[in-house]
Colleague: 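Structure provided below as C-alpha cells; questions to follow.
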4 protein chains.
Amino acid sequence: MERGRTATEGSGAERTAARQHHGNRHGRSERARQAVLEAADGLLVEKGFTGVTIEGIASSAGVAKQTIYRWWSTKTDILLDAFLQDATEALTPPDHGDLTEDLGAHLHQLALFLTRSDAGTVFTALLGHAQHDPAFAGVLRARYLDEQRRRDRLPLDNAVRRGELPADLDTVAEVDQLVGPIYHRVLVTGDPVDRAFTDLLVDNFLRRHRVR
Amino acid sequence: MERGRTATEGSGAERTAARQHHGNRHGRSERARQAVLEAADGLLVEKGFTGVTIEGIASSAGVAKQTIYRWWSTKTDILLDAFLQDATEALTPPDHGDLTEDLGAHLHQLALFLTRSDAGTVFTALLGHAQHDPAFAGVLRARYLDEQRRRDRLPLDNAVRRGELPADLDTVAEVDQLVGPIYHRVLVTGDPVDRAFTDLLVDNFLRRHRVR
Amino acid sequence: MERGRTATEGSGAERTAARQHHGNRHGRSERARQAVLEAADGLLVEKGFTGVTIEGIASSAGVAKQTIYRWWSTKTDILLDAFLQDATEALTPPDHGDLTEDLGAHLHQLALFLTRSDAGTVFTALLGHAQHDPAFAGVLRARYLDEQRRRDRLPLDNAVRRGELPADLDTVAEVDQLVGPIYHRVLVTGDPVDRAFTDLLVDNFLRRHRVR
Amino acid sequence: MERGRTATEGSGAERTAARQHHGNRHGRSERARQAVLEAADGLLVEKGFTGVTIEGIASSAGVAKQTIYRWWSTKTDILLDAFLQDATEALTPPDHGDLTEDLGAHLHQLALFLTRSDAGTVFTALLGHAQHDPAFAGVLRARYLDEQRRRDRLPLDNAVRRGELPADLDTVAEVDQLVGPIYHRVLVTGDPVDRAFTDLLVDNFLRRHRVR
DNA sequence: ACTTAATCGAGACGGTACGTCCAGTCTTTCG
DNA sequence: CGAAAGACTGGACGTACCGTCTCGATTAAGT
C-alpha cells in the first residue's frame, strides 16, 4: 500500500539494507529516521506539544533539518509516525470468547492507554492538534483511527458472529456509547477513568441488549 | 465576582462607565476590549486556530500589542474570553417538566452548538489546545466546563426532584454517558451527530432507568 | 531673558513661592522639578546615557510622565537642565593677574571637570548626543558652550587688557589650540590628561607669543 | 588577520568564493553583507543616527533581521563596518618629503573629511555614540582610531627620520595639538575649519620647533 | 465661601523597535 | 544522491519606551 513519503516505509529487506549506511545513494538512513522519531517522542513527553519543534528535533536527533523536511512535512506528521511505530498493536482487544470479559478488558486497556502511557500522551496531543487542523484530522483517521475503531468493534462483531448479539446491531453507535464516555473524561472533563467506570459502561451495554 | 486580568468584567453600570474613556487609572478601554475579542473570534473562524496570532488580533482590532498583553497573556486566554462572552447562556437545557423532551432537546442543542455554531468552533479549538496545555485545561474547566456540566446535569436533577429518577443516581456518570458519545463523534471520529443519534442516547438512558 | 518652558526658571522669590505647593493653577511644583533633575542625573551616572529613559526618570523621581512632558521635551533637555543647575559656576577661570598661573589652573580644572566629575560625565554625554542631533547641538551651544567659551577666553582677554598679549590676538583660535587638545584626548583618544600635558599646552602658548 | 563576527572579512580569493553562494556551510552571503552596510550608510546620511534602526536597515537592504543579528550585534557595529570599508585609505597623509606641505595637506584633508564627506558624517556619529558607550569607544579605537593616529603621526615620523625634527619629539602630544583643535571645532564648537586655520596650526607647530 | 483653572500622580492607549525563536528553503561538501 | 551543516528570508513572539490621553485630587486666585 502506498502511503506517500511520510509513511513508515516498507519492512524487511529494504529496511535491513538501509540500516547499513548513513546517507548515500541507496535510500534513506534508517538511523536518521529512528533518531527523529525518538527525538520527537522524547521532546513531547519532556516539554509538551508546544516544546516540540523541527529545529529541536533536528538538533536533539543529530540530524539536519533538511533531512527532516525531506521525509516529513510537519511536526505532527513526525509524531504520528512515532506514535504508529510504537502503538499499533497495543490496543487490540482480546478474544476469549466471552463478551463481558473481552469488552471490560478492552475498555480498561483503552483507559490505561489514554491516561497512563507515553503513547497515549502523544495520541491525545495529536487529537488536540486535529481540532486545529481538519486536514490532519483526516490523516489521523486514515492512518490510525479508522483502523482502531474497527478493532474496537471486534468484540461486538465476534459476539454477533457467535449469536450473542443481534445481527442488525448498530455497532458504530454502540462503540460510540462504549468509548465515548471514556474519551469524554480524558479529553474534556479530566476526570479519572477507573475500572469501575469502564465496567459500568460494559454493564449498561449488556443490560441494553438483555445479554445475561 | 471575578477580578483576574482575564475576567470579562462586570456588566451594567460599571461597563457603561468604562465606555466613556479610553485609558486612565479608572479602568480599561471597553472599546479596545470588545475589538480584541471580536477580532480574535473573527480570525479563528476565518483562518483557523493557527491563523490566530496576537499580532493579527492587534492589527485587525486596531489596538496596540501592549494593550493586549496588559489584559491577556495568551491567545487562548483571549479566545476563552470571547467564547464566554458570546456563549455562556446558550447551552442551558430547557425545563418543561418532561425529562424525555428536555434531555432530547438539550443533547440536540449541544450537538448543534458543537458542530454548527461559531462559538462551537471556538470551543472545540480551545478543547484542542487544552490537550497541549494542562494549565489551560484547568482554566477552561474552572471558567466554563464545570459550570456547563452542572447545566448538563440539570434535567436529571430536576427529574430526581420530581421523583422520576432515583435519588441516588450517579448523575456525573450518567451525563458522561449522555454527552460523551456526542463529544466523541465531534472530537474523535468526525461522524455527524444527528437527532436520531442524540435521541438514541436519551432512549438508552431512559430504558436504563426503566422510566416510562 | 526668555528661554522658553525648558529654562531652569528664575530664581529667588518665584522659586521660593513655588516650593510651597504641589500642583495648582499658578506655577509648577519645584519638588517635582528637582526630583526629575536629580533622577536624571542619578540614572545617567548609574546606568549611562542609554539607561536614562523618560519612564525611568518618572518612576525613580516619583513623578508622572505627563509632568515631565509638561516641562521638558526630551531626556537630553532634562539632562541639560540638570547639568546647568549643577555646573554653571564650576568652570570660571581664576584671575590672579598672572597669565601663566591662571591659564594653567584653568586648563587643569577643565581636564578634571571633563574626566573626573559627575557633571563632566553628563556633559560629555550631552556632547555625544549633540553629534546625533544638530538641533540639540545648537541648544547646547546657546545654553552653555557659548558662555563657557567666553569664560575660557577670560585669561587671554585679561592679559590683553594688561598688555601682556597683543591686542589683535585671535583669542578664538588660541582657545581652540588650548582646549582643543584636551577635548581631543577626552572625546577621541581616551588618553589621560595630566597636569604635565595641560602645562605643556600653556607653555607652547606662551612661547608662541614670546611671553616671558 | 581579523576573525571576529564584525570583521570586514578578508579580500581577494576568499571574498570571490563567498560571492558565489547565498547561505551555506561555507560562509556568509556577500550580497547580504554589502546590502546591509550600504543600507546603514544610506539611512545614516538620510535620516541621521537616530533614524538608523536594525529593522530599517533590514527592510531597506532586503535582508532578514536575523541575518543582521547573525553577523553584527548593534547598529553601531554595522556603521563601523560600513565606515571602515569605505574610508580606511582615505586619510593617509601624503609624503612629498616636505613637512610643511605634507602636514598642511593632511590637516586640511582631515577637516574636509570630518565636515564634508559622508564617511565623516558616519565617523562623527560613531564618535558621538562612543561617548555613551565605553565598550564601543574601545572598539572604535582598536578598529580605527589607533591606526588613524599612527597615520596622523607619519609626517612627523618621516621628518624625524629625515632629521628635520628632533628624535626625541613627543609625537603623541604634538599630534594632539595639531588635530585636537580641528576635532574641537567639529565636535564641540561647530565652527568652520578652513584652510587658514589648519595652516595656522601647522605654522605654530613649525615655529614651536624652529623649523625653517 | 465658591467657583475656576492649572498642576499633580497614576496609568491606559496606539505605536515603533527591540532582540529571539522557529519555519521552511537553499546551497555546498562529503561519503 | 542522501545526509550534515548552516546561512537565508520571513513572521510572530513578548518587552521596553515613546509621546498622548484622561481621570480624580489638590490648591491658589479671582469672584
Side-chain angles (χ1 to χ4, degrees), chain A residues 18 21-29 31-32 52-56 58-59 61-71 73-75, chain B residues 17-18 20-29 31-33 52-56 58-59 61-71 73-75, chain C residues 17-18 20-29 31-32 52-59 61-71 73-75, chain D residues 17-18 20-29 31-33 52-56 58-59 62-71 73-75:
Chain A
H21 41 72
H22 287 208
N24 53 29
R25 61 197 343 177
H26 309 291
R28 70 193 282 192
S29 158
R31 186 194 121 300
V52 179
T53 63
I54 300 278
E55 295 215 321
S59 89
V63 142
K65 261 196 331 178
Q66 186 55 42
T67 301
I68 294 182
Y69 282 108
R70 210 178 337 259
W71 302 107
S73 49
T74 62
K75 73 173 180 177
Chain B
Q20 291 163 11
H21 43 71
H22 286 211
N24 54 35
R25 71 189 305 189
H26 301 289
R28 62 198 283 192
S29 159
R31 185 189 94 5
R33 190 183 142 275
V52 179
T53 64
I54 301 276
E55 290 214 324
S59 91
V63 142
K65 260 199 312 181
Q66 185 56 47
T67 298
I68 296 183
Y69 283 108
R70 202 172 353 250
W71 302 110
S73 48
T74 61
K75 72 174 181 178
Chain C
Q20 292 162 15
H21 44 72
H22 286 210
N24 54 35
R25 99 184 273 188
H26 300 287
R28 67 195 283 189
S29 158
R31 185 193 120 302
V52 179
T53 64
I54 300 279
E55 295 216 322
I57 293 169
S59 91
V63 142
K65 261 193 336 175
Q66 185 56 44
T67 300
I68 295 182
Y69 282 108
R70 213 182 332 262
W71 302 109
S73 50
T74 62
K75 72 172 182 178
Chain D
Q20 292 163 11
H21 44 71
H22 286 212
N24 55 34
R25 73 189 302 189
H26 300 287
R28 65 197 281 190
S29 160
R31 183 191 98 358
R33 190 183 142 277
V52 179
T53 64
I54 301 276
E55 290 212 323
S59 90
V63 143
K65 261 201 310 181
Q66 185 57 49
T67 298
I68 295 183
Y69 283 108
R70 204 175 348 255
W71 302 109
S73 46
T74 61
K75 72 174 181 178

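Letters A, B, ... are given to chains in the order of the sequence lines, protein chains preceding strands, and every chain is numbered from 1.
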Colleague: Quick check: on DNA chain E, is the nucleotide nearest B:Thr67 upstream (toward 5') of the one nearest D:Glu55, or the reverse? Name the residue that is more 5'.
Modeller: B:Thr67
Colleague: Please compare C:Thr74 and D:Ala32 by the position of their nearest nucleotide in DNA chain F and report the one closer to 5'.
Modeller: D:Ala32
Colleague: Starting at atom OH of A:Tyr69, determine the distance to atom P of F:dC8, rounded to an integer number of angstrom.
Modeller: 18 Å
Colleague: What's the shortest heavy-atom distance between A:Ala64 and A:Ala58, and which atoms?
Modeller: C-CB, 4.4 Å
Colleague: Checking contacts here: which listed nucleotide (E:dC8, F:dC13, F:dA7) is nearest the side-chain heavy atoms of D:Trp71?
Modeller: F:dA7
Colleague: Can you check the B:Ile54 CD1 to E:dG14 P distance for me, whole Å?
Modeller: 14 Å
Colleague: For D:Thr74, enumerate each residue passing the side-chain hydrogen bond (donor to acceptor under 3.5 Å, both in side chains) test, keeping only those at least two apart in sequence or located in another chain.
Modeller: D:Thr76
Colleague: Between F:dT9 atom P and A:Lys65 atom NZ, what is the distance in whole Å?
Modeller: 14 Å
Colleague: Judged by each residue's nearest nucleotide on DNA chain E, which is more toward the 5′ side, C:Gly62 or A:Lys75?
Modeller: C:Gly62
Colleague: Decide yes or no, distance alone: a donor-acceptor N/O pair under 3.5 angstrom between the base of F:dA3 and the side-chain of A:Arg70.
Modeller: yes
Colleague: In whole angstroms, how far is the C1' atom of E:dC22 from the CD atom of D:Gln66?
Modeller: 10 Å
Colleague: So B:Trp71 and B:Arg33, do their side chains get closer than 4.5 Å, heavy atoms only?
Modeller: no
Colleague: Restricting to salt bridge (Lys or Arg N to Asp or Glu O under 4.0 Å), what partner residues turn up for D:Lys75, sequence neighbours left out?
Modeller: none
Colleague: Does C:Arg31 place a side-chain N or O at less than 4.0 Å from the phosphate oxygens OP1/OP2 of E:dG9?
Modeller: yes
Colleague: How many Å lie between CZ on D:Arg28 and P on F:dT9, as a whole number?
Modeller: 12 Å
Colleague: In whole angstrom, what separates C:Ile68's CD1 from E:dA10's P?
Modeller: 12 Å
Colleague: Closest nucleotide of DNA chain F for B:Thr53 versus for D:Val63: which of these residues is on the 5' side?
Modeller: D:Val63
